[in-house]
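Reviewing the structure listed below.
Start at 1 and go down the list; that is how both ligands and their atoms are numbered.
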Amino acid sequence: MYTHYLEHKVFKTASLVADEMHYPAYVIGGFVRDCILNREGKDFDIVVVGDGILYAQNLARALNKTKAITIYKTYGTAQIKYDEIEIEIVGARKESYSPETRNPSVEQGSLEDDQLRRDFTMNAMAIALNKDNFGVLLDPFNGLQDLANKLIRTPLNPDLTFSDDPLRMMRAIRFATQLQFSIHDETFQGIKRNTERINIITSERILTELNKIILSPKPSVGFKLLDEAGLLEIIFPEFCNLKGVEIIEGKGHKDNFYHTLEVLDNICVFTNDLWLRWAAILHDIAKPATKKFEVGEGWTFHGHEFKGAKMVKRIFTRMKLPLNEKMRYVEKMVLLHLRPIALTKENITDSAIRRLIFDAGEELDDLMLLVRADITSKNENKKRRYLENYILVEQKIKEVEEKDHIRNWQPPLSGEEIMKTFNLPPGKEIGIIKTAIREAILDGVIINTFDAAYQLMLLEGEKLGLKPQL
Ligand code: ATP
Ligand code: MG
C-alpha cells in the first residue's frame, strides 16, 4: 500500500471526483518514481479511464481552481496549477504508430494501454486513487525491481519504444545521469540502433534533455553515454571533434574531450549555474581548429580562445540556446579563460591585474572558478605549479581590488564634466580624453580618483589644443 504518498489534499479531491464520475483514476509516472526514490516529486500526473478533459474540469471546480486550468484539446490533456504544483491530467490512451510516417494515432484505452506507451519501466508505475483501491501500486513491468537495481529499461522492445519517440533515447541518458542509474544492456543496444532517428526531433526538445544532463551532479556521465551511443556526433559534432590524441615526434597532446569533461565535472562542484557550466563545455571548443605542431614548441592551440568565442554564436543558434546576454556571458568566459593563468610570476603586475579585473567586470568570480576547474594535468608537478600560480593571481586580485576599487569601475570623471570644462559639444575629443584617463588608471600612471583624473584631463586637453573655460 502506497497511501502515505497520497497525503496531499489534491489526491483526496482527485479521488472523490473520480468516484463521483465512476472513472478509474491513477497517479502515474515521474511522481510515483520520485516518491519511491525519496526524491521530491514536483508535478502530479493523473490518468483516468474516461474523458480526461471533463474530469480535469470537474477536478478544477472541486479544488476551487477553475481559473488555473489550461486545456490542450488536440492532445486531450489538461493542466491545473495548484500553488507551486502542476497537475497534468490525461485520459488513458492507446497509441499506435503508423509504420510509414510514425505519426501516432491516439484512441481511448485502458490503464494497461497507457502504461505500455510510457518510456521506461520505472516511469510506467501507477498508484490507484479510487476509494476501493486507494494506494494500490500497479506495476506491470516490474519497475519497482528496476528501481531497486538502478536500471533504466523500456517496457516494450526497445526498437519500438525508441523508434516511436526517439527523444526517449535522450531521456534514458538524462535519467541515467540525474539518478546515477545504469541503462539496461538491451535498452542501450536499442539506442545504438536508433540514433539516426533523433533527427526527427526538434532542437528544442533535445536541448531540454541536454540541459538536464548538464545540470546533473556529474554531467560527464551523460556526455560519455551520448558519445558511446552515437548520439553526440549527431546533436553536438563540435564537441565530438575534441576527441583524440595525435602524436608527432613522440609528443602527444591531451585528449580535449576528456579534459573538457573533467573541467565540467570540476566546476559542477562549485556552481549550479547552467551558463557557467556551458562555458566549461565550450572553453576549448576551438582547439581542434587551431591545433598545430610547431618544431621546438610541440603542440600549440594559439588563439583558440578567440576562435572559440566566435564559435559560440553558431553553436547557440543551431542548438536553439538563447541568443541573449546568456550567450554573451559564455562568449566572454571562453574569450578570457586563459587570461588569469597566463599571468606568471614575472608578469603579475598591478596593471595586468587591474586590466583583468576591468575586462572581466562582474564575471570575475565566475571566470576564476572556470580557471580553477581548468587545471587538470595528469602530471602532478605541472598541476601543482599551475595551482600555485592560480593562488598567487587570486591573492593579487584581492590586494589590487582593496587598493584600487577597479571592480565595476566607473570613470571618476564624466563626459559632461569634460564638455563643461572645455565648453565642448559632444564629439570625439570627449572619447579620446575618457580613454586616456581609463588607460592611465589601469596602467597605474594615475590613481583612481576625481582629482587625479581632473589633472590628467587638463593635460590631455592641452595636447588636443583645448583650453579650459574659467
Ligand atoms: P521529470 O519531471 O523529472 O523531467 P518525468 O519522468 O516526470 O521526469 P515528465 O516529462 O514530467 O518526466 O513526464 C511524466 C511522465 O510521462 C513520465 O514519467 C513518463 O511516464 C511519461 N512520459 C514523458 N515523456 C515521455 C515520452 N517521451 N515517452 C513516453 N512516456 C513519456
Ligand atoms: Mg515530471
Side-chain angles (χ1 to χ4, degrees), residues 5 8 10 26-48 52 72 75-82 84-97 102-104 106 109 111-127 137-144 146-147 151-181 183 187 190-191 194 197-198 200-202 204-217 222 231 274:
Y5 294 143
H8 201 284
V10 164
Y26 310 85
V27 54
I28 192 165
F31 175 81
V32 178
R33 176 200 69 221
D34 286 342
C35 281
I36 294 170
L37 287 175
N38 261 326
R39 294 170 92 223
E40 202 169 328
K42 342 169 254 320
D43 305 331
F44 301 166
D45 290 295
I46 294 177
V47 56
V48 296
Y72 305 94
Y75 302 103
T77 64
Q79 189 197 70
I80 302 171
K81 277 214 188 280
Y82 188 89
E84 296 298 291
I85 302 164
E86 284 173 8
I87 313 169
E88 304 276 348
I89 297 125
V90 62
R93 59 173 84 174
K94 192 175 181 160
E95 247 164 43
S96 54
Y97 288 77
R102 310 305 302 173
N103 284 333
V106 179
L111 172 70
E112 290 74 24
D113 292 329
D114 199 274
Q115 286 173 303
L116 270 174
R117 66 169 189 92
R118 305 244 158 204
D119 49 3
F120 305 113
T121 58
M122 63 177 190
N123 285 345
M125 294 183 284
I127 302 178
L137 180 75
L138 295 119
D139 178 18
F141 312 111
N142 235 337
L144 211 50
D146 283 341
L147 269 191
L151 263 185
I152 294 162
R153 187 205 309 249
T154 56
L156 299 172
N157 174 346
D159 286 307
L160 199 63
T161 300
F162 292 133
S163 179
D164 282 349
D165 178 2
L167 185 74
R168 294 166 182 164
M169 300 188 284
M170 294 290 303
R171 284 174 60 89
I173 293 174
R174 184 259 285 191
F175 285 122
T177 316
Q178 270 182 337
L179 303 173
Q180 285 146 318
F181 277 24
I183 300 175
T187 299
I191 298 180
N194 286 278
R197 290 197 50 82
I198 199 69
I200 66 166
I201 301 293
T202 62
E204 288 82 355
R205 290 181 78 204
I206 293 174
L207 180 66
T208 304
E209 297 301 324
L210 186 63
N211 278 341
K212 287 185 180 177
I213 291 173
I214 295 170
L215 287 171
S216 301
L231 283 166
L274 180 63

In ligand 1, which numbered atoms sit nearer than 4.0 Å to a non-hydrogen atom of R174?
1 (P), 3 (O), 4 (O), 8 (O)

Take every heavy atom of D43, measure it against each atom of ligand 1, and state whether any distance is under 4.0 Å.
no

Any sub-3.5 Å donor-acceptor pair from R197's side-chain atoms to S163's backbone N or O?
yes

D139 (side chain) donor-acceptor with L144 (main chain) under 3.5 angstrom
yes

How close does the nearest protein non-hydrogen atom get to atom 5 (P) of ligand 1, and which residue and atom is it?
R33 NH1, 3.7 Å

Starting from atom 14 (C) of ligand 1, find the nearest protein heavy-atom neighbour and note its residue, name and distance.
D45 OD2, 3.4 Å

Mind checking whether N142 and T121 have side chains closer than 4.5 Å, heavy atoms only?
no

Protein contact of atom 28 (N) of ligand 1 - nearest heavy atom, named by residue and atom, plus distance
R168 NE, 2.7 Å

Could you tell me whether ligand 1 has any atom less than 4.0 Å away from a heavy atom of R117?
yes

Does ligand 1 have an atom under 4.0 Å from some heavy atom of F175?
yes

Using a 4.0 Å heavy-atom threshold (strictly under), name the region of Q178 that reaches ligand 1: side chain, backbone, both or neither.
neither

For Q115 and A124, indicate whether the former's side chain and the latter's backbone hold a donor-acceptor pair under 3.5 Å.
yes

Does the side chain of E84 come within less than 4.5 Å of K42's, by heavy atoms?
no

If you define the side chain from C-beta out and look only at heavy atoms, does anything of R153 sit under 4.5 Å from F141?
no

Taking distance alone, with N or O pairs closer than 3.5 Å, would you say R205 contacts ligand 1?
no

Contact atoms of ligand 1, heavy-atom distance to G29 under 4.0 Å
18 (O), 20 (O)

Are side-chain heavy atoms of K212 and F175 found at a separation under 4.5 Å?
no

Does the side chain of F31 come within less than 4.5 Å of D45's, by heavy atoms?
no

In terms of residue, atom name and distance, what is the protein heavy atom nearest to atom 2 (O) of ligand 1?
K42 NZ, 3.7 Å

Would L167 count as a contact residue for ligand 1, given that I'm defining contact as a non-hydrogen atom of the residue lying under 4.0 Å from a ligand atom?
no

Any idea which of L116, I28, D164, D119 brings a heavy atom closest to atom 31 (C) of ligand 1?
D119

Judging by distance only, is a nitrogen or oxygen of G30 under 3.5 angstrom from one on ligand 1?
yes

In terms of residue, atom name and distance, what is the protein heavy atom nearest to atom 27 (N) of ligand 1?
D165 OD2, 2.8 Å

Any heavy atom of R39 under 4.0 Å from ligand 1? The part involved is neither

The reported gap from CG in L167 to CD1 in I206 (rounded to nearest 0.5 angstrom) is 7.0 Å

How does R171 reach ligand 1, by side chain, by backbone, by both or by neither, if only non-hydrogen atoms under 4.0 Å count?
side chain

Heavy-atom check, side chain of R168 versus side chain of N194, under 4.5 Å:
no

Counting from 1 in the order shown, the ligand 1 atoms closer than 4.0 Å to a non-hydrogen atom of K212 are 4 (O)

Looking only at heavy atoms, which two atoms of I152 and M122 are closest? And how far apart?
CG1-CE, 4.1 Å

Please work out, at 4.0 Å between heavy atoms, whether the side chain, the backbone, both, or neither of D34 comes within that distance of ligand 1.
neither

Starting from atom 16 (O) of ligand 1, which protein heavy atom do you reach first, and at what distance in Å?
R118 NH1, 3.2 Å

To the nearest 0.5 Å, atom CG of L151 lies from atom CZ of F120 at 12.0 Å

Measure the distance from atom 20 (O) of ligand 1 to every protein heavy atom, then report the residue, atom name and distance (to 0.1 Å) of the closest one.
N123 O, 2.8 Å

Examine distances only and state if a side-chain atom of R171 and a backbone atom of D119 form a donor-acceptor pair shorter than 3.5 Å.
no

